[in-house]
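This report refers to the structure that appears directly beneath it.
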Protein chains: 4
Amino acid sequence: MENDSRDGAPPGRSERARTATLEAALALAAELPYPQVTIEAIAARAGVGKATIYRRWPHRGALMVDAVAHRNDRAATAGGAVPDTGDLAADLAVVLRSVVDELARPEWDALLRALCVEALVDTATRARVLDLVVAPQIALFAERFATARSAGRIDDAVGDTEAFELVVAPVFHRWQLRTGPLDHAYADAVARRACRAMAP
Amino acid sequence: MENDSRDGAPPGRSERARTATLEAALALAAELPYPQVTIEAIAARAGVGKATIYRRWPHRGALMVDAVAHRNDRAATAGGAVPDTGDLAADLAVVLRSVVDELARPEWDALLRALCVEALVDTATRARVLDLVVAPQIALFAERFATARSAGRIDDAVGDTEAFELVVAPVFHRWQLRTGPLDHAYADAVARRACRAMAP
Amino acid sequence: MENDSRDGAPPGRSERARTATLEAALALAAELPYPQVTIEAIAARAGVGKATIYRRWPHRGALMVDAVAHRNDRAATAGGAVPDTGDLAADLAVVLRSVVDELARPEWDALLRALCVEALVDTATRARVLDLVVAPQIALFAERFATARSAGRIDDAVGDTEAFELVVAPVFHRWQLRTGPLDHAYADAVARRACRAMAP
Amino acid sequence: MENDSRDGAPPGRSERARTATLEAALALAAELPYPQVTIEAIAARAGVGKATIYRRWPHRGALMVDAVAHRNDRAATAGGAVPDTGDLAADLAVVLRSVVDELARPEWDALLRALCVEALVDTATRARVLDLVVAPQIALFAERFATARSAGRIDDAVGDTEAFELVVAPVFHRWQLRTGPLDHAYADAVARRACRAMAP
DNA sequence: GGGTAAACGAGACGGTACGTCGAGTCTTGGT
DNA sequence: ACCAAGACTCGACGTACCGTCTCGTTTACCC
């Protein structure tokens, strides 16, 4: 169960090095401005040689993606699936509120910003972010969307990704550009509006 | 006589150096991966001393923001105001299509990614981006929103920023994370859904 | 009386600028490591524009030579001529002792080191040092040497320069390389040995 | 295996980098005005990173001293010991002539001037010059002085350093300030006079 | 005594080198 | 056999001066 280097790397004696590296990356991303989260600093913090890092990841971006995925493995991210009380807007509001709360925590905020930077700078990294971080998030919503769709609350023409975007994009946008306060009120408003947008 | 600096800005005697720097920054951002858009490269391309750049801008981020603002000064942003045919969804669709088209142009795509990177890395830069780039965009929509609001197509509770986010955020999200194709069809769908979301 | 720029420069309104520059150069040479005695620092200290300095001197070396000459104009350097008590060795010892004392004063030490650096780095400057600083020193000894020569204490084959070198070179050498203590005892020994060396 | 650094010196793994740096420094000092002998130029010429130089030497001065010492290691200094024909003046004249000849070679002249500049600018460097360059020279004379002393040609009160200075200082002085021609005739005269000066 | 030209202070300009830091590669020792 | 440690080359960082160049602003001289 993932005790192996992610991409079929030689069975590598030390899972330890891998874990230490990922943890160090997470820790540094949380406590330093991102440009100071250098491979050198990560290696030092992890008590690992730089070569050991380069042997496993081609660049910092790839490492950071794995670090976030690693973190998400440990804590089933945003509390698992979307609740289903029958009231779609309310259920989405609950999730968005918790998303907003997480984004308010500096570590997670910094980590996500780091991830976005890497995704913006390199296309391949962006694809990895999509697969390992965004797609799982969409999957968490998919089930609830399916229910809502069969209850006639979501237009059949609106796919899971599209629905996800209607719900999450405004929060993402406001988080990244800080066009306004990112609070529970905003989460509620977005949930409500998104429901209307998706309605048949 | 061109011996004037921007807006009574402190020092800058020669506008020439300023302009050359901004143009060089734009050109390099368009043709190189962003990490290679170094101050050194910009200075060389602009035929300007590094010190001249550092005398005007504290870091690359500030310079890039000004470069984008400079570009927007020259080309009245994305074609000026939002059209008003009376059909809000159609009008927004027109704008979103042109936004999508612009984002498909590699130079603008690269430039915007650069801007986002800087905004993600430094809070002060993010604020500048908001003021100099995002706010003007919102302003372009504001008039149309006002009309729509008085025509009863937008809920009075939805402010300009909020409305802007409902319209633009999904496109922004898809552009940044490439969760799906970013084309005219998507622009139309988003415009339509956003209108419903904003309705009273 | 030297109230004019040294080399027939246009009648130059301000002797003040010239003097202030030279004094600033002397002051800085006395208080800073020589590499920090920059034209920029001298200009700032003198309250003078950099261009004003470059208008008068082609490089720092030329400026420093003039500065030393300026200083020597003010204070008839090492107390004027060599005494003549009839005892050559004793007379020379008196002078060498005062030379040693001067070299022990940090300002003069630093200034001379600066001068030597410039002379070592540029041939033209070396020539100027020779003319404006060393030759006058030799001249101070010449009269005493003449007396000694007619008293049969100096071989007629030994010219003034040669005699000067026999007397001063060991002190200069020891000052520059610190091969040993540079004190009155050494001054006396050198004076005595030099007399024997010069004898017919 | 050449993997050894100088004298059990702390880090330096590759002797290659060290040697290349020293040779480059010597070459550049011989062919450029000293202010152009920059660390950057040395690194480039040596095919070595600047950091590698700074890792080994704190400033250019220290590097130049080692470079000269390195050169002297390769070519047993100025032809080895002072000859001993029984005639002290003649023996010293031979040596001084070869010193004069060496100083006439532009490379050695330039190198020595560089060394003097560094010694004049920094006290610690001066001490290193003394230890690594001057002291060995004195040692070469010491043996001959000892012989001469027991032959009653040198006053017992004149130590090796003092004797060395009497012999070499005039040449050094004339070399540095060019008070007159630096040729064999001068070498002979100085040797002769120095012998008289040292006599009991 | 007012008008003009020069020299001035200030300091921005295009450059070069500084000394530092990190990237990514490679070598050495230790376990 | 693999790994931490860290030296290696390379290149960008941000700073400091270089020597040149505009700028207005004083003077000092000549009408």
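Excluded from the calculations below are hydrogen atoms, water molecules and symmetry mates; all remaining heavy atoms, backbone and side chain alike, are included. Just so we're on the same page: letters track the sequence lines, and every chain starts at 1.
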Task: Under 4.0 Å protein heavy-atom contacts per nucleotide of nucleotides 9-15 of chain F, with B for base, S for backbone only and - for none - done: B--BBBB
Task: Closest approach of B:L63 to B:I42 (non-hydrogen atoms, all atoms of both residues) - done: CD2-CD1, 3.8 Å
TODO: To the nearest Å, give me how far apart CD (B:E15) and C1' (E:dA12) are.
DONE: 14 Å
Task: Rounded interatomic separation in angstrom, taking CD from C:Q36 and P from F:dC17 - done: 8 Å
TODO: Kindly write out the residues that satisfy side chain to side chain contact (heavy atoms under 4.5 Å, CB included) with B:A127, not counting sequence neighbours, or none if the list is empty.
DONE: none
Task: Rounded interatomic separation in angstrom, taking CZ from A:R18 and C1' from F:dC2 - done: 18 Å
- [ ] Determine which pairs satisfy salt bridge (charged side-chain N to carboxylate O under 4.0 Å, His left out) with at least one residue from residues 40-50 of chain C, sequence neighbours left out, and list them in order.
- [x] C:E31-C:R45, C:E40-C:K50
- [ ] To the nearest Å, give me how far apart CD1 (C:I53) and P (E:dA7) are.
- [x] 17 Å
Open item on the list: So, does A:R56 get its side chain near the phosphate of F:dC2, meaning an N or O under 4.0 Å from OP1 or OP2?
Closed with: no
- [ ] Quick one: closest heavy-atom pair of B:R18 and B:W57, and the distance?
- [x] NH1-CZ2, 3.8 Å
Open item on the list: Rounded to whole Å, please give me the gap between CD1 in A:I42 and C1' in E:dG22.
Closed with: 12 Å
Task: Point-to-point distance, once rounded to the nearest 0.5 Å, from CZ of B:R128 to CD of B:E118 - done: 12.0 Å
TODO: Look at A:D122 together with A:R126 and state whether they make a salt bridge at an N to O cut-off of under 4.0 Å.
DONE: no
